[in-house]
Amino acid sequence: MEFTRLGRTELKVSRIGLGCMSYGRAAAGMHQWTLDEDAAAPFFRQAVELGVTFWDTANVYQGGTSEEFIGRAISRFSRREDIVLATKVSGKMHDGPGGSGLSRKAILEQADASLRRLGTDYIDVYYIHRFDPDTPVEETMRALDDLVRAGKVRYLGGSSMWAWQFAKLQHAAVVNGWTTFSAMQDQYNVLKREEERDMIPMCLDQGVGLTPYSPLAKGRAARPWGQQTTRSSSDTVAKAFDRDVDEPVVYAIQRVAEGRGVSMAQVALAWVLSKPAVSCPIVGATKPHHLQDAVTALDVDLTDDELAALEDPYLPQDNYWW
C-alpha cells in the first residue's frame, strides 16, 4: 500500500479507500444489493490485510447500519487508531427538524448519532453530503467548527456540489476563523469528468484533497460494454451509466487493458490515481478481487499515449452526482 497526505493536511491516508455503501442491512435503505454483516466481514478483514486504512461511509447508508457494521469491524479486525474513519451528514435520517440538512441542530444531532453507531468518540473526516440551500453557510460552518473544537471531528470535507457553493462555504470559514474543508468527495472517473472544469481547479488551488467516489463509474469502467451484474441490472443509479456517450470510452479502457495484460478496473483506477488532485479514490468491494485489483492499480503507470487514448473519446455532459 502507498500512503499520501489528504490535501495540504498532515493526515496520512491510504491511496485506496474502502467505500462502505456496499455494507448494511438491505431492508434498511435504498439499495437491495448490499451485503449483510457476515458477508461484509471478509472485506473489512481484507482491507486491513492490504493496508487500506481509509474507510468511508455515511449516516444514510442503509439507515445507519453501514456505520454499525464498521464500528464492530474495527473492533474485530483492527484498532481505532489505525483506521482513518470518514462519514457524512445531510441526507434524511428521520422527519424531525434535526433529521436532515445542514442546520446547527441537524449537524450536532447527526454527528452524535454517527458516533454512537460507529462506537467511537471521534470522526477523522466529516463530510457534508450535499449543499443545503435552506441553511446559511455561516450556520453550517460554525456548527462544523464547533465539532472540531469539541474533539468530535478531526477534519472536514464536502461532497458533490457546484464549485461556487463550495467556495461560499470555504469563504465563510476563512473570514470567521473557522475550520475549512480539507477534502472533497465528488464523482470523478474516466466516464464522468465534468468536475475538471471548476471544482478540481479550485481544490488544487486551495489544497483540498479529492477522495472521489465511483472511480470505476459504478463498475461500468471495469467490464466490457454490455456486460451486466446483479447491481447494474437492479440499481437505478448504476443504470444511468447505460448511455451511448460512454461506450467509446469503455472500449478505450478495454483496449488499453488488453494491451497491458491487466484488468479494465486497474486501468480505470490508474487513470484516476494519475490526477494530481486525487488523494484517495473510494472503492466499493463486493467480490474478493475488487480490493486486490484496486491495490494492484497502484503499480499501473499509464503512459501519455494511454492517457490520451482514454481521454480523447470523452464528450461534455451534465454533472452527475449520484
Side-chain angles (χ1 to χ4, degrees), residues 1 14-58 60-74 76-78 83 85-88 185 187-192 211-224 226-242 250 253 257 262-270 272 280-298 322:
M1 178 52 60
S14 54
R15 283 284 274 153
I16 300 295
L18 177 65
C20 298
M21 189 179 75
S22 301
Y23 316 129
R25 288 193 294 108
M30 67 178 289
H31 301 301
Q32 301 304 305
W33 48 266
T34 56
L35 303 184
D36 64 23
E37 193 158 9
D38 288 340
F43 295 97
F44 292 117
R45 182 190 300 111
Q46 184 186 34
V48 171
E49 293 170 350
L50 291 172
V52 177
T53 56
F54 189 91
W55 294 8
D56 177 89
T57 187
V60 293
Y61 292 167
Q62 300 308 100
T65 59
S66 174
E67 289 181 327
E68 293 171 359
F69 288 11
I70 290 171
R72 290 190 285 266
I74 291 174
R76 184 176 177 187
F77 301 118
S78 185
I83 300 297
L85 187 56
T87 192
K88 307 178 189 74
Q185 186 171 126
Q187 176 159 200
Y188 186 45
N189 54 63
V190 71
L191 299 181
K192 301 293 180 185
T211 59
Y213 65 89
S214 295
L216 300 179
K218 306 292 189 294
R220 294 304 189 193
R223 59 182 179 273
Q227 282 191 10
Q228 297 287 342
T229 65
T230 300
R231 177 183 179 184
S232 67
S233 59
S234 63
D235 188 331
T236 55
V237 175
K239 286 179 180 179
F241 284 79
D242 292 325
V250 174
I253 299 167
V262 300
S263 71
M264 291 177 64
Q266 288 170 275
V267 170
L269 192 56
V272 176
C280 175
I282 306 301
V283 176
T286 55
K287 293 188 172 85
H289 69 272
H290 287 168
L291 270 184
Q292 185 63 61
D293 260 3
V295 173
T296 306
L298 292 167
W322 304 104

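Side chains included, hydrogens not; waters and symmetry mates left out as well; all remaining heavy atoms used.
The two residues V262 and Q266 come nearest to each other via the heavy atoms CB-OE1, 3.7 Å. In terms of heavy atoms, A28 sits closest to T65 at CB-CG2, 4.1 Å. Residues M264 and I253 come closest through the heavy atom pair O-CG2, 3.6 Å. The nearest pair of heavy atoms linking W55 to V48 is CZ2-CG2, 3.8 Å. Of all non-hydrogen atoms in P288 and F43, the two that sit nearest each other are N-CE2, 3.8 Å. Taking each heavy atom of V283 and P215 in turn, the nearest pair found is CG2-CG, 4.2 Å.
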Worksheet entry | Test side chain to side chain donor-acceptor pair (under 3.5 Å) applied to T286 and S22, step by step | CA-CA 7 Å; T286 55; S22 301; 5.7 Å; no
Discussion item. Assess the residue pair K218 and Q187 against the criterion (side chain to side chain contact (heavy atoms under 4.5 Å, CB included)); give the C-alpha distance rounded to whole Å, side-chain angles, the decisive distance to 0.1 Å, and a yes or no.
Written reply: CA-CA 10 Å; K218 306 292 189 294; Q187 176 159 200; 3.7 Å; yes
Discussion item. With side chain to side chain contact (heavy atoms under 4.5 Å, CB included) as the criterion, how do E37 and E68 come out once you've worked through the C-alpha distance, each side chain's angles and the decisive distance to 0.1 Å?
Written reply: CA-CA 9 Å; E37 193 158 9; E68 293 171 359; over 6 Å; no
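Residues meeting the side-chain contact (heavy atoms from CB on, under 4.5 Å) test with A265, sequence neighbours left out: L216, A222, S263, D293. Contacts of S14 classified as side-chain contact (heavy atoms from CB on, under 4.5 Å), with partners at least two apart in sequence or in another chain: M1, F3, V52, T53, F54.
Side-chain contact check for M30 versus V60: every heavy-atom pair is 4.5 Å or farther apart. You'll find the side chain of L269 reaches within 4.5 Å of the side chain of P281, heavy atoms only. At least one side-chain heavy atom of F44 sits under 4.5 Å from a side-chain heavy atom of I70. Inter-residue side-chain proximity for V250 and L191 is flagged as met; some heavy-atom pair is nearer than 4.5 Å. By the 4.5 Å heavy-atom criterion applied to side chains, D56 and L18 are not counted as neighbours. Using a 4.5 Å cut-off on side-chain heavy atoms (C-beta onward), V272 and V190 make no contact. No side-chain heavy atom of T57 sits under 4.5 Å from any side-chain heavy atom of M21.
Rounding to the nearest 0.5 Å gives a distance of 12.0 Å between CZ of R45 and CG of L50. Note that the OG atom of S214 and the CD atom of Q185 stand 9.0 Å from one another [nearest 0.5 Å]. How far CD1 of I74 is from CD1 of I83: 5.5 Å, rounded to the nearest 0.5 Å. Of the inter-residue distances, the one linking Q46 atom CD with L291 atom CG reads 5.0 Å to the nearest 0.5 angstrom. In this structure, I16 CD1 and H290 NE2 are separated by 13.5 Å, a value rounded to the nearest 0.5 Å.
A distance of 6.0 Å or more separates the ring centres of Y23 and Y61.
Sparse packing is recorded around CZ of R25, with 12 or fewer heavy atoms of other residues, nucleotides or ligands lying under 6.0 Å away.
For the pair T296 (side chain) and Q292 (backbone), a donor-acceptor distance under 3.5 Å is present.
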